[in-house]
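FYI, side chains are in, hydrogens and waters are out, and symmetry mates aren't considered; it's all heavy atoms of this structure. Chain identifiers are assigned alphabetically (A, B, ...) following the order of the sequence lines, protein sequences preceding nucleic acid strands; residue numbering begins at 1 within each chain.
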2 protein chains.
Amino acid sequence: MDEFQPPGRLVTLTDVARAAGVGESTVSRVLRNHGSYSKRAGERVAEAVARLGYVPNRLAGSLAGQGASARLVGVVIPSLANVVFPDLLRGLTAALDAAGIPCVIGVSDYDPDREEALVAALLSWRPAALLLTGLEHNPGTVALAKTGGVRVVEMIDTDGEGIDAVVGFSNRAVGAASARHLVARGYRRIAYLGHDLAVDLRAGKRLAGFEAALGEAGLAVQAKEIRPGPSSPASGRAGLEVLLARYSDLDAVYFSNDDMALGGYFACLAAGVAVPGRLALFGFNGLDFAAAMPQPLSTVRTPRLEIGRQAAACLTGESPKRIDLGFELIEGATA
Amino acid sequence: MDEFQPPGRLVTLTDVARAAGVGESTVSRVLRNHGSYSKRAGERVAEAVARLGYVPNRLAGSLAGQGASARLVGVVIPSLANVVFPDLLRGLTAALDAAGIPCVIGVSDYDPDREEALVAALLSWRPAALLLTGLEHNPGTVALAKTGGVRVVEMIDTDGEGIDAVVGFSNRAVGAASARHLVARGYRRIAYLGHDLAVDLRAGKRLAGFEAALGEAGLAVQAKEIRPGPSSPASGRAGLEVLLARYSDLDAVYFSNDDMALGGYFACLAAGVAVPGRLALFGFNGLDFAAAMPQPLSTVRTPRLEIGRQAAACLTGESPKRIDLGFELIEGATA
DNA sequence: TCGCCTTTTGGCAGCGCTGCCAATCCGGTT
DNA sequence: AACCGGATTGGCAGCGCTGCCAAAAGGCGA
């Protein structure tokens, strides 16, 4: 820190070696605690590192190291606006930070072409692994992922074939379980209220599972209200107001997720619609607020953090290629 | 793609050069569209790149390039559980992705020592910039950031001195404005309900501003309920129940943020406490759900996305060192 | 004290790329 | 036909580090 340094030039390993009076390899060995070195060498290097304020250059390290892959993982998520993905990252970073591996993230905005571009960009950093969301990708994305020489983990969705490892749960099964719950509770005139399905394919899978299970019970969705744009309480509220105005005899609404359901609940409160007496509400995700509502929301809790953790675990140990973490139906008081 | 490749060895720029029948420098020029090259060279390179499935190695590129800094930015945030930070990342990635610059993120869990470790780890990737949250850091963090040779941007908080650039708003001013609003509306017996202040220093600054402004009006906070752990609707609900049980004459509650306030609102709904007639509620952040509530939450909207965007802008152009993006008080219907 | 084996050490090539420079090419001039 | 300036090109050093290897140092019994 207190040495003269030509401006613009950062301290290098060679500088440390010179300052410590040892060879470069020794410094490298000490810093990585790899190979053998004497106590004396260790101390001198540590001292020089502290004195010079040396920060290793991992660009060089990764390039030189065997495999030439960086201790980084690339993550592509479709959005940061939906709590699900930050939660996923939370589980992921918790597990990876412990191993000192940072995440390089890209946000695709639910656009497969953007996803492909991001995958290419991330692969250029030679990450140790690539974490994607969902199972549906451009052919180009798949090709890149396969030839990239990295481990690939696809998160959240298990309804389909993955490139390599898959960690998540079945969205179809969630939809089906939700439908069976509503049917068992005696609801018959059921509507669906969701955000843009063409964009959020997993919400579409849940709806498909939901409709299939309703069908098995001889029922069908009475009305579908699909709101453009991302899910949000505001969208859910507006959507439920539309449904209430248009259909007077609904007895339950299945929402694409808890955010939408919260908005629906607000709409019911505002309009004086009794929940679940007059209208039952069922969500998806099991977000934190669901349990704090005056009437706990009936929903399905998804293992979001655990998916992130397991995905991280896939990178280190030899994990099974396919991990279905399941989900938990929360009965709540709204359906 | 269809060529023979020794397993484990990825296609390099040299391979592309050979396949295209040009020199390495030409390939490099074409790929970066930098310097001049003939149309013919461009086409042959593009063809070879496509045929071999070449993905550039930015590790090597950044190492060789001048300044040896990577087209990456390092971001350290305290948490992913609070919507604020994903929102920040959202603004950031939106602006950076456009420039093809990915973020490497670290989550400090509000722990200054972890933050320091993360800064050191991120600097070792030689990012073009380092984005931190808040102004309070370990001395070691500051030292690293200053000698790291990177641009440093501290986000969210403008109440204090920054290392280099600062983008955010004044949390003290937010607290003061909130207090003045409550006072102007005639509330006198005001409580504070928050999550752990020792950990979330910005919430502490808001409270300080709030109390200072109350003091100017000759008032004081009647009760403080500080909940351990992070903010959440569940914590807000439990906290408000405690306050209601303990103090019968409160007329308003200032929450550390909207999540807590939502929980408080739920507590009021559940207990049949009229809002704002019997108890006024005031939040912070202006989250999406606040406007969708049956009674829109009175709160302060913070420019979270814009902070991210401006922080990204700080990296490219020559921006002012200090950007105060202000905030907006939303009157709502709960206070 | 010597020789043998183990531990510790330093030198140096090379990871894949970029920047620099000199060589080459091309078209139009004289 | 020789010449000139700009556009285009290839060779090669070197970015900072690691892996390999051979050399040096140290330990120990004979």
Checking dC17(D), dT18(D), dC15(D) against the side chain of Y54(A) (C-beta onward), the nearest is dC17(D)

Between the axis at one end of the helix from dT1(C)-dA30(D) to dT30(C)-dA1(D) and the axis at the other (five pairs apiece), what's the angle to 10 degrees? 50°

Rounded to whole angstrom units, what separation is found between the CD atom of E43(A) and the C1' atom of dT9(C)? 17 Å

In whole Å, what is the span from the CG atom of D15(B) to the P atom of dG16(C)? 9 Å

Compare the minimum distances between each of dT9(D), dG19(C), dC15(D) and the side chain of S38(B), then state the nucleotide with the smallest one. dT9(D)

State plainly whether the residues E47(A) and R44(A) are in salt-bridge range, i.e. N to O under 4.0 Å. no

For D200(A), which residues count as a salt bridge (Lys or Arg N to Asp or Glu O under 4.0 Å) partner, sequence neighbours excluded? none

Specify the separation, in whole Å, of atom CZ of R44(A) and atom C1' of dT9(C). 13 Å

By nearest atom, which of the nucleotides dG16(D), dT18(C), dC17(D) is closest to the E24(A) side chain? dC17(D)

Protein-nucleotide distance (R18(A), atom CZ; dG10(C), atom C1'), rounded to Å: 14 Å

Considering only side-chain heavy atoms of Y37(A), which listed nucleotide, dC17(C), dC15(D), dT9(C), is closest? dT9(C)

So what does A17(B) hit on the nucleic acid, given a heavy-atom distance under 4.0 Å: a base, only sugar-phosphate, or nothing? nothing

For K205(B) and E136(B), what are the C-alpha separation, side-chain angles and deciding distance, and is it a salt bridge (charged side-chain N to carboxylate O under 4.0 Å, His left out)? CA-CA 12 Å; K205(B) 290 181 178 182; E136(B) 284 74 27; 3.0 Å; yes

Does the distance from a Lys or Arg side-chain N to an Asp or Glu carboxylate O, for D164(A) and R151(A), drop under 4.0 Å? no

Nucleotide nearest V22(A) when distance is taken to its side chain, options dG16(C), dT18(D), dG10(C): dG10(C)

So, is T26(A) close to the dT9(C) phosphate, meaning a side-chain N or O under 4.0 Å from OP1 or OP2? no

Run the salt-bridge test on E43(B) and R40(B) with the 4.0 Å N-O cut-off and return the result as yes or no. no

Taking the basic N atoms (NZ, or NE/NH1/NH2) and the acidic carboxylate oxygens, is any pair closer than 4.0 Å for D97(A) and R114(B)? yes

Specify the residue among G21(A) and R58(B) whose closest nucleotide of DNA chain C lies further upstream toward the 5′ end. G21(A)

Select from L63(B) and K39(B) the residue whose nearest nucleotide in DNA chain D is closer to the 5' end of that strand. K39(B)

dG16(D) phosphate, OP1 or OP2: any side-chain N/O from T12(A) under 4.0 angstrom? no

Test item: R322(A) side-chain N/O and T158(A) main-chain N/O as donor-acceptor pair under 3.5 Å: yes

Which heavy atom of M155(B) sits nearest a heavy atom of V75(B), and at what distance? CE-CG1, 4.4 Å

For a quick test of reading the model: is some side-chain N or O of S25(B) closer than 4.0 Å to OP1 or OP2 of dG10(D)? no

Distance test, side-chain N/O of S36(B) to OP1/OP2 of dT8(D), below 4.0 Å: yes

Given dC17(D), dC17(C), dT18(D), identify the nucleotide with an atom nearest to the side chain of R32(A). dT18(D)

Is there a donor and acceptor pair closer than 3.5 Å between the side chain of R29(B) and the base of dG10(D)? yes

